[in-house]
Number of protein chains: 2
Amino acid sequence: MSRSNPSESQGDLDILGSPRALPYSVENPCAACEIREMSICGVLDCEELDALIKILTRQTFETHDPIIDEGESADFVFNVTGGAVKLFKLLPDGRRQITGFLYEGDFLGMAMNDVYSYSAEAVGDVSLCRFNRRKLEGLLDTFPKLERRLLSMASNELAQAQDQMLLLGRKTAQEKLCSFLLSLSRRAESRGYDPSILHLPMSRNDIGDFLGLTTETVSRTFTNLKRDGVIRLLEGGRVQINDIDQLQDMAEGA
Amino acid sequence: MSRSNPSESQGDLDILGSPRALPYSVENPCAACEIREMSICGVLDCEELDALIKILTRQTFETHDPIIDEGESADFVFNVTGGAVKLFKLLPDGRRQITGFLYEGDFLGMAMNDVYSYSAEAVGDVSLCRFNRRKLEGLLDTFPKLERRLLSMASNELAQAQDQMLLLGRKTAQEKLCSFLLSLSRRAESRGYDPSILHLPMSRNDIGDFLGLTTETVSRTFTNLKRDGVIRLLEGGRVQINDIDQLQDMAEGA
DNA sequence: GCGACAGGTTGACCTAAATCAACGTGTGCA
DNA sequence: TGCACACGTTGATTTAGGTCAACCTGTCGC
């Protein structure tokens with residue numbers, strides 16, 4: 001797929017409803033959306049979803065496709081429905097800081113003014129729901145609980161950002177990598193997956209740019225953790241954690 | 001003043017109103033509050049402020065007084081009305097990351113769940129308005145514009161946090177310090193002060209813990225900037241910026 | 001008036017992580 | 001079939017910033 005032309009399909013053309021009489025209108029794919037409960041849409045009920053779907057477009061992206069570019073007019077916000085997305089900021093000479101990875105259910109577009117304050121790119125195959133930002137803001141007046149949900153998401157993101165500052169400013173390479181693996185483990189657990197088997201769709205370079213390290217240091221630190229029996233590298237970019245409590249201690253230098 | 005007993009005065013006992021017939025109720029000190037416009041209270045009008053003042057307590061603190069402690073039950077949120085506050089997180093071995101400095105007009109308590117996710121301490125003399133969190137949350141239903149304001153503040157804080165991640169993860173000591181001075185300059189300008197004269201109420205050690213550096217490196221970097229004619233150190237912990245454009249370039253490695 | 005102490009600066013030296021470099025390995029395309 | 005390229009690993013060397021130590025200044029309490 002071309003970088004400049006991700007596939008789009010208008011939500012209201014994308015009729016996937018089953019013939020059974022669902023409690024939702026069959027024209028609304030949101031009703032059947034598997035990740036709805038963990039995303040912003042989770043606070044809305046059936047008829048409210050109809051309002052949401054009118055302002056939504058579905059999109060898909062492949063590895064390295066740009067999703068938004070820092071500095072562009074911030075006309076859209078997104079809901080990740082599948083795959084992983086990286087958010088990053090660049091310095092003029094090309095140094096890059098990844099400020100976060102988003103996975104299914106995550107909302108993209110929280111921290112922004114008129115213009116995107118960071119860029120976003122697909123890590124592997126990604127599917128999104130795209131919303132016109134002005135129209136979504138209009139819905140906030142109609143559905144106060146949507147606003148409440150956004151506020152609580154922003155609050156969580158802020159707490160996460162503070163943890164990341166502690167990591168970037170004060171942790172060693174090993175503590176950084178352990179913290180990263182631990183956060184993936186916690187996320188897996190909260191989504192009902194096995195917390196000891198992690199999927200790492202991103203490259204070593206991406207991990208480095210997230211943790212404030214180089215590719216080489218990330219690779220060496222993985223090797224050390226493997227050697228010390230803390231983790232095992234499985235095929236397919238997966239990692240097995242042998243002792244989560246130990247990892248927790250190592251993440252805090254305890 | 002004792003660390004454990006900051007002075008308190010109930011807002012509704014603190015009658016400061018002038019005898020003139022103000023458009024506000026004279027019993028409400030918020031009406032005359034100089035920093036109201038830049039804080040959350042700025043969105044409320046006179047009678048709405050009356051609801052706010054019922055749930056507010058004024059407090060003052062001195063240097064090094066703790067204001068909140070990470071892990072404590074998050075029962076209160078605060079509005080800084082004077083002085084500076086530092087927010088920080090600690091690792092078990094004492095390493096510290098300051099995640100932000102708050103000044104007058106700033107809101108303290110955005111990113112939190114049941115429990116404070118960071119600590120806060122006074123930098124110099126501080127005055128605050130303290131709100132019962134549950135009661136303030138109750139007001140959000142009554143005044144939707146208060147909620148909108150909080151969301152936009154959270155959004156700004158998030159953007160700031162992302163800038164700080166770029167700084168901590170990818171900038172050199174000199175770029176870090178220049179970025180810090182530049183952000184103080186921008187804040188001064190936005191508040192109507194001279195952007196080339198900065199007040200630094202915090203210690204070199206605090207600056208180091210904010211920028212992910214040691215005291216010594218901060219001190220040496222100040223010396224270098226002075227030597228290169230970028231800044232001048234004035235008495236009273238103030239700093240004069242000689243060329244803001246140059247500082248801007250140095251902050252981004254351009 | 002002075003002794004203790006906190007904060008700041010500077011110097012000498014050290015080290016964690018960066019840089020530079022070589023080399024695998026897998027995958028997709030000619 | 002093979003070769004170009006992206007990605008990962010490992011080794012040798014460098015370096016930015018940390019650590020350790022000395023010293024200076026101002027100030028606060030006695």
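Everything numeric here is computed off the predicted structure, so don't read it as measured data. Here is the naming used below: chain letters follow the sequence lines, and residue numbers restart at 1 for every chain.
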Less than 4.0 angstrom from a charged side-chain N to a carboxylate O is my criterion; do [X] and [Y] meet it?
X: A:Lys89; Y: A:Asp209; answer: no
X: A:Arg133; Y: A:Asp75; answer: no
X: A:Arg95; Y: B:Glu252; answer: no

**Complete:** B/S/- along nucleotides 6-23 of chain D (protein heavy atoms under 4.0 Å) is -SSBBBB----SSBB---
Between [atom2] of [N] and [atom1] of [X], the distance in whole Å:
X: B:Leu234; N: C:dG8; atom1: CG; atom2: C1'; value: 16 Å
X: B:Leu177; N: C:dG8; atom1: CG; atom2: P; value: 13 Å
X: B:Asp209; N: C:dG7; atom1: CG; atom2: C1'; value: 14 Å
X: A:Glu175; N: C:dA17; atom1: CD; atom2: C1'; value: 14 Å
X: A:Leu211; N: C:dA18; atom1: CG; atom2: P; value: 11 Å
X: B:Glu235; N: D:dT25; atom1: CD; atom2: P; value: 18 Å

**Item:** Axis-to-axis angle between the two ends of the helix from C:dG1-D:dC30 to C:dA30-D:dT1 (five base pairs per end, rounded to 10 degrees)
**Value:**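 The value is 30°.
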**Prompt:** Is the count of non-hydrogen atoms from other residues, nucleotides or ligands lying under 6.0 Å from A:Arg232 atom CZ greater than 12?
**Reply:**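 Result for CZ/A:Arg232: open.
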**Request:** Start with the C-alpha gap between A:Gln174 and A:Arg220, add the side-chain angles, then the distance that decides, and say whether side-chain hydrogen bond (donor to acceptor under 3.5 Å, both in side chains) holds.
**Result:** CA-CA 10 Å; A:Gln174 185 170 93; A:Arg220 278 186 249 272; over 6 Å; no
**Item:** Between CG on residue A:Leu247 and CG on residue A:Asn242, distance to nearest 0.5 Å
**Value:** 10.0 Å
**Request:** Of all the heavy-atom pairs spanning B:Ser185 and B:Pro195, show the shortest one and how long it is.
**Result:**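 Minimum heavy-atom contact is OG-O, 2.7 Å.
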**Request:** Any chance you could lay out the ring-ring contact (aromatic ring centres under 6.0 Å, His included) test for B:Phe107 and B:Phe78, step after step, and finish with the verdict?
**Result:** CA-CA 6 Å; B:Phe107 185 71; B:Phe78 306 84; 8.9 Å; no
